[in-house]
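Read through the structure below, which is laid out as structure tokens, and then see the notes.
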2 protein chains.
Amino acid sequence: MDRRQEILEGAAKSFSLFGYKATTMDQVAKIANVGKGTIYTFFANKEELFNAIVLKMINEMRAEADAVSVEGAPFEQNAHARLMQMLKFRGTHQLYAKLIDEEKELRTPAVGEVLQAIEKEIIFYVKEKIEKGIAKGEVLPCDTELVAYILFKAYLALVSDWGKTHDEELSEERIVALLNGTIFKSLLV
Amino acid sequence: MDRRQEILEGAAKSFSLFGYKATTMDQVAKIANVGKGTIYTFFANKEELFNAIVLKMINEMRAEADAVSVEGAPFEQNAHARLMQMLKFRGTHQLYAKLIDEEKELRTPAVGEVLQAIEKEIIFYVKEKIEKGIAKGEVLPCDTELVAYILFKAYLALVSDWGKTHDEELSEERIVALLNGTIFKSLLV
DNA sequence: TGGTTGACCAATTCACTCAGTCGGTCAATT
DNA sequence: AATTGACCGACTGAGTGAATTGGTCAACCA
């Protein structure tokens with residue numbers, strides 16, 4: 001009934017199924033059972049509609065990352081669980097996966113911008129958690145921006161890049177062993 | 001005078017200037033002052049000629065990386081100097097830079113394969129140095145393959161990726177501070 | 001009358017074509 | 001035996017017009 005909601009749902013479905021470029025406004029209108037003009041009373045253009053969808057997805061992802069952390073568990077355990085969850089989301093979530101594929105294949109500018117924004121968001125999220133860890137005395141004071149950045153890049157490399165150049169994916173145990181023995185080891189108080 | 005050498009030099013010049021795709025065999029022949037057919041008596045096809053050029057470049061890079069290391073200096077200092085040198089080479093060397101650009105813009109398959117081979121070579125080089133460090137008792141035993149991989153990915157992220165999403169490049173001091181405080185700190189005996 | 005709509009428009013994209021280019025060959029030449 | 005460049009078939013990419021798309025707006029309700 002809520003037009004705006006219908007539009008968001010239709011658009012999310014279409015973007016997830018066909019990606020940004022291959023989704024037409026006519027298609028969104030049809031899926032949402034709405035006249036095309038109606039869409040433009042709620043969203044200035046295709047890109048803003050897209051951004052709204054992605055924003056919802058970012059919130060989902062953050063919620064899932066929060067959900068896997070355990071109150072009272074040591075920092076490195078929660079940090080690992082959160083990062084792994086977000087990377088799993090990255091490869092699993094229909095829309096996110098589709099966008100990564102579209103970026104690789106089509107280079108749609110709007111998609112590239114959005115993917116970059118999502119990464120920035122993830123890094124900011126990690127930075128927040130590190131700062132909270134420092135505040136709680138679990139983590140040594142450090143260059144939080146850079147540590148968040150390198151942590152994300154490291155996980156991305158281990159979880160996502162490794163498989164592209166090797167026959168089999170890295171096991172989570174091997175990842176944990178590496179990071180607990182290196183980065184996390186030097187971060188903890 | 002040496003035909004093979006002339007061809008290699010002409011090809012190197014052309015690949016460096018125009019990239020792989022935009023280099024024609026006629027052009028290489030002309031630059032090398034050689035009939036086109038002659039090229040095919042030394043190299044099976046364009047791609048093999050290309051691979052020969054890249055192989056020479058890899059050796060140059062390794063030599064430059066070796067050159068910056070200091071006999072007797074601590075492991076993390078030499079490791080840092082070597083990795084920085086190779087990444088500088090990566091962004092500075094005419095052919096290497098051109099290939100990275102071509103991979104981004106054109107997605108030429110032969111170029112992608114070669115770039116991947118170069119990275120594999122770099123990682124292998126880093127792995128060798130870590131193993132030597134372990135043998136000398138400077139470095140704690142560890143998953144050398146993975147440590148080499150993550151070290152390279154970390155440096156690549158800090159030196160090359162950071163600038164793409166931030167206004168200014170990271171200073172070398174900040175990089176050193178981060179890595180000495182994290183990865184290197186836990187690697188050293 | 002304020003919200004909704006789809007025919008309509010300009011701009012972009014797509015499929016198609018065909019002339020020109022390129023990697024690779026090989027008979028002729030040195 | 002080594003070298004060459006004219007030649008070939010496959011591929012490319014510029015040029016084209018037709019079809020599609022994002023966005024608008026006058027008409028149309030409720």
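Residues that satisfy the ring-ring contact (aromatic ring centres under 6.0 Å, His included) test with B:F43, not counting sequence neighbours, are absent from this structure.
Screening residues 146-161 of chain A for salt bridge (charged side-chain N to carboxylate O under 4.0 Å, His left out) gives A:K153-B:D161, A:D161-A:K164, A:D161-B:K153 as the qualifying pairs, with residues at least two apart or on separate chains.
The nearest whole Å value for the distance from the CG atom in A:N33 to the P atom in C:dG6 is 10 Å. Rounded to whole Å, the distance from OH on A:Y20 to P on D:dT21 is 14 Å. If you measure from atom NZ of A:K30 to atom C1' of D:dT20, you get 14 Å, rounded to the nearest angstrom. Nucleotide D:dT3 holds its C1' atom 15 Å from the CG atom of B:D2, rounded to whole Å. Spacing between atom CD1 of A:I7 and atom C1' of C:dT5 amounts to 12 Å, rounded to whole angstrom units. Separating the CD atom of B:Q27 from the C1' atom of D:dG5 is a distance of 17 Å, rounded to the nearest angstrom. Rounded to whole Å, atom P of D:dC25 lies 17 Å from atom CD1 of A:I39. One atom, CZ of B:F43, and another, P of C:dG23, lie 15 Å apart when rounded to the nearest Å.
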Using atom types as modelled, flag every donor-acceptor pair under 3.5 Å from a side chain in residues 178-189 of chain B to any protein atom, sequence neighbours excluded.
{"from": "B:T182", "atom 1": "OG1", "to": "B:L178", "atom 2": "O", "distance (Å)": "2.8"}
{"from": "B:S186", "atom 1": "OG", "to": "A:T182", "atom 2": "O", "distance (Å)": "2.8"}
{"from": "B:S186", "atom 1": "OG", "to": "A:S186", "atom 2": "OG", "distance (Å)": "3.1"}
{"from": "B:S186", "atom 1": "OG", "to": "B:T182", "atom 2": "O", "distance (Å)": "2.8"}
{"from": "B:S186", "atom 1": "OG", "to": "B:I183", "atom 2": "O", "distance (Å)": "3.4"}

Could you list the donor-acceptor pairs under 3.5 angstrom formed between side-chain atoms of residues 34-42 of chain A and any protein atom two or more places apart in sequence or on another chain?
{"from": "A:T38", "atom 1": "OG1", "to": "A:G35", "atom 2": "O", "distance (Å)": "3.4"}
{"from": "A:T41", "atom 1": "OG1", "to": "A:T38", "atom 2": "O", "distance (Å)": "2.6"}

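Judged by the 6.0 Å distance and 45° axis criteria, B:K120 is not positioned over the aromatic ring of B:F152.
With D:dT4, C:dG23, D:dT21 as the choices, the nucleotide that has an atom nearest any side-chain atom of A:T24 turns out to be D:dT21.
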> Going 5' to 3' along nucleotides 24-30 of chain C, which nucleotides have protein heavy atoms under 4.0 Å from the base (write B), which only from the sugar-phosphate (write S), and which from neither (write -)?
Replying inline: BBB----

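A close approach under 4.0 Å does occur between a side-chain nitrogen or oxygen of A:K21 and OP1 or OP2 of C:dC14. Phosphate contact (OP1/OP2 of C:dT5, side-chain N/O of A:R3, threshold under 4.0 Å): present.
Each of B:Q77, B:M84, B:R82 was evaluated against B:H80; a single residue qualifies, B:M84, per the side chain to side chain contact (heavy atoms under 4.5 Å, CB included) test.
Other members of a hydrophobic cluster containing B:L106 are absent, since no ILVMFWY side chain comes under 4.5 Å of it, directly or through relayed contacts.
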